[in-house]
Amino acid sequence: MSKRIERFEPLSEREVRGYVCGPTPYDSMHVGHARTYSFFDTFVRFLRYVGYRVKLVINFTDIDDKIINRAREEFGNDAYLRWREIPERYIREFFEICEKLNIGRADHYPKVTEHIDDMINAIRELVNKGYAYVAPDGSVYFEISKVPDYGKLSGQDISKLVAGARVEPEPGKKNPLDFALWKSWKPGEPWWSTPWCPGRPGWHLECVVMASKYLGVPFDFHGGGLDLVFPHHENELAISYALYGKYELARYWIHVGLVTIRGEKMSKSLKNIIPVFEVLNKYEGESLRLYYSMTHYRKPLDFSYEGLSDAEQLLRTLYAACDFLKQLYKEARDEEAQEDSKVIEDVKKVEEAFLTALADDMDTPRAVSELIGLARIVTSRLIYMPEKISKETVLYTLQVLKSLGNILGILFKVDIDKILFDFIELLIDVRQRLRRQKMFELADYIRDELAKRGIIVTDTRVRTYWTLDRSRR
RNA sequence: GCCGGGGUGGCCGAGCGGUCUAAGGCGGCGGGCUGCAGACCCGUUAUUUCCCGGGUUCGAAUCCCGGCCCCGGCUCCA
């Protein structure tokens, strides 16, 4: 609310409760949606890493104009009977994409259609308290002028908003800015019955109702895309003020910057929307995940495949470091060694810097660069001195690399099946023997054939290291 | 019109009053390692500089004022 970066202090000592505005499942998720959910997943992982219990709720607005329209397009006159297929399909897709992007499960995924009664009760209360009124057609509107601070969250001045070009006054509204809590039924639309009229819920109210049901009010953070600040979150805040008497639905509001394409916002009219599945046809979700982390969450992210390829390559470097460590482990000493304390100290420094970066308004780009620094320690120093470090130090380094990567939602495919690992090691050993006997043709053959299978071999003066390319599809 | 967010190297992107002779990545260049190769390693790649013009300060990319430009929001929006 202050428009400033504030120190994050949860309402309760050990637990953080958060609500993220989920999708309206009427179409495929695009790279902008995925950015938002990826960010909050990283945020939650970070909070957990530093010791909080986190309760996260992400909702589905599964009844809405856009869903009805989509159903009409697809099913024509059957839309009335089959509209539920639309949200079902896209909610399924949402979860598939979350899985590919390694976005962890929230604690609850409430749906509007499963909370109609709660919403009706809330509307009744709002009407009784005088914050809402019933229009002649039975629709119920929220009266924003009853909320003194309306506009504070988004920094809007209501007197100026009225003049806004895009406000299309609806009959029955006292003020064009009043918004529908309940929309009266029109032919062909789904409906639920209420004391006012058959119809369906409007946008905004559901988030307040469901957040309060699953988290209580106020809760710690409320998030979503930047485009939700106005009117959505402003209206949520107004509703919660009316309902709970406090102009504070959530302690902190976190809004993720929008994704642009060549500097412009993705939109249907510009036909520049990039659905997540399109990206996932060419890249691993993990690469996209890292790509997101390379831009600070509050900044706009100008999506490009070039940038994504950069991220993919970085990810290879990170995995190479992990794989090298596992091979290094075999060569490292059993007992404590000369360089151990120095290495451990350096690794700890990186870990600290990484966490400091995230504690500073979730500076993931800085965190990424720290993580790369850690990979560099491995690929430029450690692999050349197996005799100077202990197995324990190698394991420790690997564990830090993995767990820091895990906060960013990456490096979750480090483990390699033991049989595969041993098998590759065997081939590497055979190739080494061939090289020693100057049978380079055969040695190169092995290297090439391994490369075709995504195993990249690197000869160094101490050992031949190899890495599995996880970005291959 | 009103309200936000921005403008940093060839590109992406950190930095938010001194440690900036500007992190990190990509790309370029040079080299190393190697039998060769590399998605390996090292070095180098902004140096009258951080959109422009003023100002504050011992000191500014970082703060203030004034411009210019870009993007977004103003009931479809993550």
Side-chain angles (χ1 to χ4, degrees), chain A residues 3 5 20-24 26 29-37 39-40 64-66 69 151 154-170 173 176-180 202-204 223-232 234-235 255-260 263-269 291 294-296 298-302 304 306-317 319-320 324 353 357 363-373 376 379-381 383-384 435 438-441 443-444 447-448 451 454 456-461 465 467 469 471:
Chain A
K3 310 265 163 53
I5 296 166
V20 174
C21 283
T24 299
Y26 74 104
M29 214 157 81
H30 60 59
V31 290
H33 300 112
R35 180 191 190 192
T36 300
Y37 305 120
F39 169 74
F40 283 106
D64 173 273
D65 292 359
K66 294 193 287 294
N69 291 340
S154 55
Q156 304 284 339
D157 181 344
I158 20 174
S159 62
K160 281 171 182 147
L161 274 177
V162 184
R166 288 209 248 168
V167 177
E168 218 173 282
E170 274 174 56
K173 275 190 187 179
L177 291 171
D178 288 349
F179 56 90
W203 197 32
H204 315 308
L226 190 66
D227 51 354
L228 293 181
V229 176
F230 190 89
H232 186 50
E234 195 68 69
N235 289 347
H255 292 110
V256 179
L258 303 183
V259 173
T260 57
E264 284 178 315
K265 187 187 165 173
M266 282 190 286
S267 77
K268 289 235 154 103
S269 52
Y291 179 52
M294 290 165 69
T295 302
H296 186 88
R298 280 189 287 105
K299 287 210 164 184
L301 168 64
D302 196 41
S304 72
E306 292 73 34
L308 186 54
S309 296
D310 283 1
E312 184 179 63
Q313 198 163 328
L314 268 184
L315 193 63
R316 284 194 199 108
T317 303
Y319 270 120
F324 291 178
D363 193 343
T364 53
R366 216 163 85 211
V368 168
S369 87
E370 291 302 335
L371 198 58
I372 290 160
R376 285 263 176 271
T379 57
S380 71
R381 272 171 54 202
I383 61 168
Y384 295 107
R435 285 177 75 210
K438 308 251 184 263
M439 297 171 74
F440 296 122
E441 202 180 317
D444 288 352
R447 183 172 67 196
D448 294 345
I456 297 118
V457 171
T458 299
D459 297 323
T460 71
R461 71 185 93 91
Y465 287 97
T467 178
D469 184 357
S471 64

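Reminder, nothing fancy here: chain letters follow the sequence lines and each chain counts from 1.
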Identify whether any heavy atom of A/Arg376 sits under 4.0 Å from a base atom; if not, whether one sits that close to sugar-phosphate; answer base, sugar-phosphate or nothing.
sugar-phosphate
Can you see whether A/Ser471 engages A/Arg316 through a side-chain donor-acceptor pair at a distance of less than 3.5 angstrom?
yes
Trace of the side-chain contact (heavy atoms from CB on, under 4.5 Å) decision for A/His30 with A/Val259:
CA-CA 9 Å; A/His30 60 59; A/Val259 173; over 6 Å; no
Using heavy atoms to find the nearest nucleotide of RNA chain B for A/Ala311 and A/Leu228 separately, return the residue whose nucleotide is more 5′.
A/Ala311
When you measure from the side chain of A/Leu258, which nucleotide among B/rG25, B/rG72, B/rC76 comes out closest?
B/rG72
Just name whichever nucleotide pairs with B/rA14, Watson-Crick or G-U, keeping both distances under 3.5 Å, else none.
none
Donor-acceptor pair, A/Arg35 side chain versus A/Gly225 backbone, under 3.5 Å?
no
Same-atom distance (C1') from B/rC63 to B/rA78, integer angstrom:
34 Å
Enumerate the protein-to-nucleotides 12-14 of chain B contacts in which both atoms are nitrogen or oxygen and the separation is below 3.5 Å.
| residue | atom | partner | partner atom | Å |
| --- | --- | --- | --- | --- |
| B/rA14 | OP1 | A/His296 | N | 2.9 |
| B/rA14 | OP2 | A/Lys299 | NZ | 3.3 |
| B/rA14 | O3' | A/Asp363 | OD2 | 3.3 |

C1' atoms of B/rC16 and B/rU62, separation to the nearest Å
5 Å
With side chains defined as the heavy atoms from C-beta onward, is the minimum distance between A/Met294 and A/Leu301 less than 4.5 Å?
no
How long is the line joining CG of A/Leu226 and P of B/rG6, in whole Å?
10 Å
Please classify the nucleic acid contact of A/Asp178 as base, sugar-phosphate, or nothing, using heavy-atom distances under 4.0 Å.
base
Can you name the atoms? Protein N/O to nucleotides 31-35 of chain B N/O, anything below 3.5 Å, with the distance.
| residue | atom | partner | partner atom | Å |
| --- | --- | --- | --- | --- |
| B/rG35 | O6 | A/Arg435 | NE | 3.2 |
| B/rG35 | N1 | A/Asp444 | OD1 | 2.9 |
| B/rG35 | N1 | A/Asp444 | OD2 | 3.4 |
| B/rG35 | N2 | A/Asp444 | OD2 | 2.6 |

Interatomic distance, A/Leu177 CG vs B/rC3 C1' [rounded to whole Å]
14 Å
Between atom OG1 of A/Thr317 and atom CD of A/Gln313, what is the distance when rounded to the nearest 0.5 Å?
6.5 Å
Within the 4.5 Å heavy-atom criterion, are A/Ile372 and A/Leu314 side-chain neighbours or not?
yes
Of the listed nucleotides (B/rA39, B/rA78, B/rC71), which one gets closest to any side-chain atom of A/His33?
B/rA78
Would you mind telling me which of B/rC40, B/rC74, B/rA78 lies closest to the side-chain atoms of A/Thr379?
B/rC40
Counting C-beta onward and ignoring hydrogens, is there a side-chain heavy-atom pair between A/Trp203 and A/Asp65 closer than 4.5 Å?
no
With a 3.5 Å limit on both atom pairs, tell me what B/rG27 is paired to, counting Watson-Crick and G-U wobble, or say none.
B/rU45
Less than 4.5 Å apart, any side-chain heavy atom of A/His296 and any of A/Asp363?
yes
Taking the C1' atom of each, how far is B/rC68 from B/rC42, in whole Å?
44 Å
Could you tell me the separation between the OH atom of A/Tyr26 and the C1' atom of B/rC76, rounded to a whole number of Å?
7 Å
A/Asp65 CG - B/rC77 P separation (whole Å)
9 Å
What's A/Leu314 touching, base or sugar-phosphate or nothing? Going by heavy atoms closer than 4.0 Å.
sugar-phosphate
Mind calculating the distance between CZ (A/Phe230) and P (B/rC74) to the nearest angstrom?
8 Å
If I take atom CZ in residue A/Arg381 and atom P in nucleotide B/rC42, what distance separates them, rounded to the nearest angstrom?
11 Å
Could you tell me how far B/rC76 sits from B/rA60 if I compare only their P atoms? Round to whole Å.
48 Å
Of all residues at least two apart in sequence or in a different chain, which pass the salt bridge (charged side-chain N to carboxylate O under 4.0 Å, His left out) check with A/Asp459?
A/Arg431, A/Arg435
Taking the same atom, C1', in B/rU57 and in B/rG17, what whole-Å distance lies between them?
9 Å
Counting any heavy atom closer than 4.0 Å, what does A/Val259 reach on the DNA or RNA strands: base, sugar-phosphate only, or nothing?
base
Rounding to an integer number of angstrom, what distance separates B/rG72 and B/rG43 when you compare their P atoms?
42 Å
Please check: side-chain N/O of A/Tyr291 versus main-chain N/O of A/Ser304, any donor-acceptor pairing under 3.5 Å?
yes
Separation of the C1' atoms in B/rG28 and B/rC64, to the nearest angstrom
40 Å
Indicate the atoms forming the closest heavy-atom contact of A/Ile383 with A/Thr460, along with that distance.
CD1-CG2, 4.4 Å
Give none if B/rC40 has no partner; otherwise give the nucleotide forming a Watson-Crick or G-U wobble pair with it, both distances under 3.5 Å.
B/rG32
Taken to the nearest whole Å, CG/A/Asp448 to C1'/B/rA39 is 14 Å
Length of the OH-P vector between A/Tyr319 and B/rC40, whole Å
17 Å
Please name the nucleotide paired to B/rC74 by Watson-Crick or G-U wobble geometry with both distances under 3.5 Å, or report none.
B/rG1
Between A/Val457 and A/Arg447, which heavy-atom pair has the shortest distance, and what is it?
CB-CG, 4.1 Å
Using the P atoms only, state how far B/rA22 lies from B/rU49, rounded to an integer number of Å.
13 Å
Within the structure shown, what part of the strands sits under 4.0 Å from A/Val457 by heavy-atom distance: base, sugar-phosphate, or nothing?
base
Closest of B/rC74, B/rA39, B/rC77 to the A/Asp227 side chain is B/rC77
Can you identify which nucleotide, out of B/rA39, B/rG6, B/rG25, has its nearest atom closest to the A/Ile456 side chain?
B/rA39
Out of B/rG27, B/rC76, B/rC74, whichever nucleotide has its closest atom nearest the side chain of A/Lys66:
B/rC76
